Amino acid sequence: MPNTDSMIPACDPDRCAAAGCTPTVCVGAGVASNHELFARSQRAIPGGVNSSIRAFRAVGGEPYVVASASGATITDVEGTTYYDLVQSYGAIILGHAHPAITAAVGAAVVSGTSYGAPTPREMKLAEAIAERVPSCERVRLMNSGTEATSTAIRLARGVTGRDRIVTFAGNFHGATDALLVAGGSGVATLGLPGTAGVPDAAVAETMVAPYNQVPDLDDRVAAVIVEPIAANMGVVAPVPGFLEGLRAECDRVGALLIFDEVITGFRVGTGGAQAKYDVSPDITCFGKLIGGGLPIGGVGGRADVMEQLSPLGKVFHAGTLSGNPLATAAGLAALETLTPDVYIELMARARHLAAGLRDACAAAGFAASFPVVGTLVGIVCGDDAGTVHDFDDAKRTDEAAYAAFFQAMLAEGVAMAPGAYEAIFVGLAHTDEVIAAITEAAGRAAVVAAAG
Ligand SMILES: *Cc1c(COP(=O)(O)O)cnc(C)c1O
């Protein structure tokens with residue numbers, strides 16, 4: 001077996017000092033390049049990543065390996081700093097290492113990191129969510145958005161005594177077996193497993209419908225789960241009547257309506273997408289920014305539904321690290337900073353950034369549109385992209401053109417998500433100056449991308 005450590009250069013104090021190497025980066029491994037570290041990661045971690053899209057397979061090349069981040073920027077182990085439009089895929093909204101978050105976590109950590117018993121802080125975060133999102137009379141905290149959607153599905157099935165789940169093509173609900181389905185196109189169909197490892201039986205009761213069309217339900221349906229703004233196939237707004245129609249159709253057959261607000265919760269406004277569109281779900285899934293950048297998930301909903309969860313009810317849920325003291329400290333700090341005024345500002349910035357990117361691409365002759373829904377910005381590349389209402393529309397995006405733009409932006413110092421269907425995340429750290437710098441970079445990048 002080769003000595004893998006020999007691939008990493010030994011620590012050289014002069015090189016370290018010149019590169020501004022920090023102890024976290026160096027750890028005795030020398031000033032390694034992104035490539036060297038990622039090669040070593042690939043020997044320890046499958047594909048070198050702990051979440052598959054990070055591997056750059058969709059855009060080519062290798063990821064930058066992050067040393068640190070601050071505000072709107074992220075810095076890799078080679079010392080290159082990028083403007084960051086990923087913001088941990090939406091887990092960050094105040095900007096990286098925001099003082100309110102680091103202070104809250106720092107103050108919390110000295111009191112212990114997990115207890116296995118109730119805490120005042122988890123109570124406060126549940127209360128803070130319920131105050132802001134009235135449909136959430138009770139909130140159960142957990143560790144990821146995936147855990148939230150799988151718990152919500154189990155809860156809906158347990159409450160209704162029915163098995164069938166309806167989901168929408170192009171919506172993403174994390175790595176939950178019952179929701180990892182490949183749908184047909186155009187019509188509501190029973191799903192097939194969307195990945196190896198999911199047995200047919202796990203998705204036998206999952207139906208996939210086209211987004212933005214209200215499917216006909218029957219009394220076999222336990223729940224409809226939907227991203228109220230689709231943010232994992234670009235950024236797609238619900239057409240007028242879609243969410244209202246789902247509410248009415250669920251009520252007609254006695255099914256529960258689940259909003260997956262893992263991205264939209266506290267990002268599009270204090271009350272999430274359900275307040276923006278004035279449609280109340282029975283169950284809401286949270287994640288991402290309610291942990292202020294630490295691992296978290298949450299399920300909220302009507303008291304009579306939520307109290308079917310154990311220990312009160314018959315639907316089991318438990319978690320060793322659930323309601324974690326650090327994640328709840330960070331989450332509370334995030335929610336407290338997000339006053340209603342902040343969203344007005346963020347909407348203005350989203351429009352401003354999208355307009356800047358649109359103008360930059362148009363001037364360079366690079367075909368791309370940048371849809372804005374509230375505080376969320378999407379990108380659709382290609383000449384025949386058009387307006388996107390569902391997954392079939394979204395798939396018309398030119399993935400090769402996105403990859404070219406992505407690489408050119410990275411070369412200009414702007415990090416976007418390495419996938420054509422991800423959102424562009426604008427946060428409090430994206431000031432006018434930052435947006436101006438990003439749009440200038442985009443002007444140069446679009447020229448390169450347009451040249452192919
Ligand atoms: C990210 C995401 C999830 C999964 O959350 P994880 O914390 O990554 O497990 C679920 N639903 C939506 C809409 C998401 O964007």
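All values reported here derive from a predicted model rather than from experimental measurement. Hydrogens, waters and symmetry mates play no part in the numbers below; they use all other heavy atoms, side chains included. Note that ligands are numbered from 1 as they come in the structure, with each ligand's atoms numbered from 1 the same way.
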Quiz item: Is it true that atom CG of Asp278 has more than 12 heavy atoms of other residues, nucleotides or ligands lying nearer than 6.0 Å?
Solution: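 Open: at most 12 neighbouring heavy atoms sit under 6.0 Å from CG of Asp278.
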
Quiz item: Excluding sequence neighbours, so at least two apart, what forms salt bridge (Lys or Arg N to Asp or Glu O under 4.0 Å) with Glu244?
Solution: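 Listed in chain order: nothing, the list is empty.
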
Exercise. Taking salt bridge (Lys or Arg N to Asp or Glu O under 4.0 Å) as the test, write out the residues that go with Arg164, two or more places apart.
Key: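 Only Glu205 meet the salt bridge (Lys or Arg N to Asp or Glu O under 4.0 Å) criterion with Arg164.
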
Quiz item: When the ring centroid of Phe286 is compared with that of Phe266, is the distance short of 6.0 Å?
Solution: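 Yes.
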
For a quick test of your reading: what N or O donor-acceptor pairs under 3.5 Å do the side chains of residues 95-107 make, sequence neighbours left out?
unit_1, atom_1, unit_2, atom_2, d
His96, NE2, Asp84, OD2, 2.6
His98, ND1, Ala100, N, 3.0
Thr102, OG1, His98, O, 3.4
Thr102, OG1, Pro99, O, 3.3

Quiz item: Between Ile165 and Ala222, which heavy-atom pair has the shortest distance, and what is it?
Solution: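 Where Ile165 meets Ala222 most closely, the heavy atoms are CD1-CB, 4.4 Å.
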
Quiz item: Contact residues of ligand 1 with a heavy-atom cut-off of under 4.0 Å?
Solution: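 For ligand 1, the contacting residues are Ser144, Gly145, Thr146, Phe172, His173, Gly174, Glu227, Asn232, Asp260, Val262, Ile263, Lys288.
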
